Amino acid sequence: MFRLSLKMTVARKGRLLLTSLAIILGTSFLSGTTIFSDTINSTFDRLFTDVFRDVDAYVRSTDSVDTGFGEVRASSPVAVLDKILNVKGVAAAVGDMQSYARVIAKDGKPLGEDQGPTQAIDAVLPADAKLETLTGAEITEETTSQIKKVLGFFTAFLTAFSYIALGIGCFVIYNVFSITAAQRQRESALLRAIGASRRQVTISLLVEALIVGVIGSVIGFVAGIGLSRALSVLLNAIGLEIPTAGLTIATDAITRTVLIGTIITILSAILPALRSGRVPPLAAMRETALDTVQKLTRRVAIGLVLIVAGAIALFAAMNGASVAILGVGVLGVFAGVLVIGPALSKPVAVVLGKPVAKLRGVTGAMSQQNAARNPKRTARTAAPVLIG
């Protein structure tokens, strides 16, 4: 069965490639965002480690305002410099809002952190000046974390976008495998008739999903490298130049991208694979492929519950609830609309198809009937457009 699955997959190269495109797009955004974030983090880690390498003590105001994109601090009085220079062990100190100085001893050698004049500089600073002293290591860590916080908004947006793309890919993959399962009913029934079990027929389709997932994820990761480079070029073009020494590609980025892409593909194919395994042997006698439609009553009930729950969460968010509640509300409404979609698609297709049928005659009527005949398939096809 495994060899048969491989042969069946390779025999349909066009479908294999087109199905892989759905996962390639999602994983390329995911890997591109991960590589871009890792590159930025490593760049600023290296940059600020170099900038503050010769700084033993850093004096600044304790008055600060958090803007959401880092802190803005009050200026320090210039007269404080004289007090710092009189501290034992301090040979040089420079006051500047943009640059940093390392404390040098009278013998010309830099003071080590173990004998730095920081618990001493604090002692001579006037209490009303509201100043504090940090070591070079402390200011390096703080500055780096602030930069990462600022860029975190950008990378978080890109990450969310990549997961949305993967979500759209799920619907596309599910649709493709659903259609595949319907088209291969006679093939699956014939396998059942010659002795294949339900489990073997199901696994044969999952093997195809595994191949699609792995190939699509690997290609998506490679495409993500190019996407990451494109993001750097874009930022440079708008004046936000990042002094990178090259892309940082971590091993876990490769593993995570391939695993997520493969798992999503397999999960999207599970239900069609199970339906394929349930095909009775007598279906081999049919001349047409059928995609059965089940009752939609239960689906409507679940969809309405999700929509109502989401609406309540949205109302709570509008009245002061946390952002997390807002996210839950949006997710609930979206999920409810997607679940209830098949119940809505048939009447909507009939109404929207009427002018098409009048305008295009038999062709328009056939289009209207095709869209209305299988509401689940129509809803699944419309879902990626809705999400996008």
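Owing to the predicted nature of the structure, the values given are computational and were not obtained by experimental measurement.
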If I take atom OG1 from residue T202 and atom CG from residue L274, how far apart are they, to the nearest 0.5 angstrom? 5.5 Å
Ignoring hydrogens and angles, write down the donor-acceptor pairs under 3.5 Å from the side chains of residues 321-350, residues two or more places apart or on other chains.
| unit_1 | atom_1 | unit_2 | atom_2 | d |
| --- | --- | --- | --- | --- |
| S345 | OG | P342 | O | 3.1 |
| S345 | OG | P375 | O | 2.9 |

Of the non-hydrogen atoms in F221 and T27, which two are nearest, and what is the gap between them? N-OG1, 4.5 Å
Treat each ILVMFWY residue as a node, draw an edge where side-chain heavy atoms are under 4.5 Å apart, and state whether V80 and V87 are in one component. yes
Could you measure the distance from the CD atom of Q200 to the CG atom of L191? Nearest 0.5 Å is fine. 9.0 Å
Donor-acceptor list for residues 203-217 side chains, cut-off 3.5 Å, not counting sequence neighbours:
| unit_1 | atom_1 | unit_2 | atom_2 | d |
| --- | --- | --- | --- | --- |
| S204 | OG | V201 | O | 2.5 |
| E208 | OE1 | R184 | NH1 | 2.8 |
| E208 | OE2 | R15 | NH2 | 3.2 |
| S217 | OG | G213 | O | 2.6 |
| S217 | OG | T262 | N | 3.4 |

Measure across V356 and L352 and return the closest heavy-atom pair with its distance rounded to 0.1 Å. CG2-O, 3.7 Å
Drop me the distance from I307's CD1 to L314's CG, to the nearest 0.5 angstrom. 11.5 Å
What is the distance from atom CZ of R373 to atom CD of Q368, rounded to the nearest 0.5 Å? 12.0 Å
What's the shortest heavy-atom distance between I35 and S228, and which atoms? CG2-OG, 3.6 Å
Please answer whether the main-chain N or O of D82 pairs with a side-chain N or O of N86 as donor and acceptor at a distance below 3.5 Å. yes
Enter the distance from S28:OG to I225:CD1 here, rounded to the nearest 0.5 Å. 11.5 Å
For R299 and K376, work out which heavy atoms get closest and say how close. NH2-CE, 3.9 Å
Could you check L304, V305, V300, L306 and say which one makes a side-chain contact (heavy atoms from CB on, under 4.5 Å) with I302? L306
Heavy-atom closest pair, residues A253 and T34: CB-CG2, 3.7 Å
Connected via hydrophobic side-chain network under 4.5 Å: I266 and V218: yes
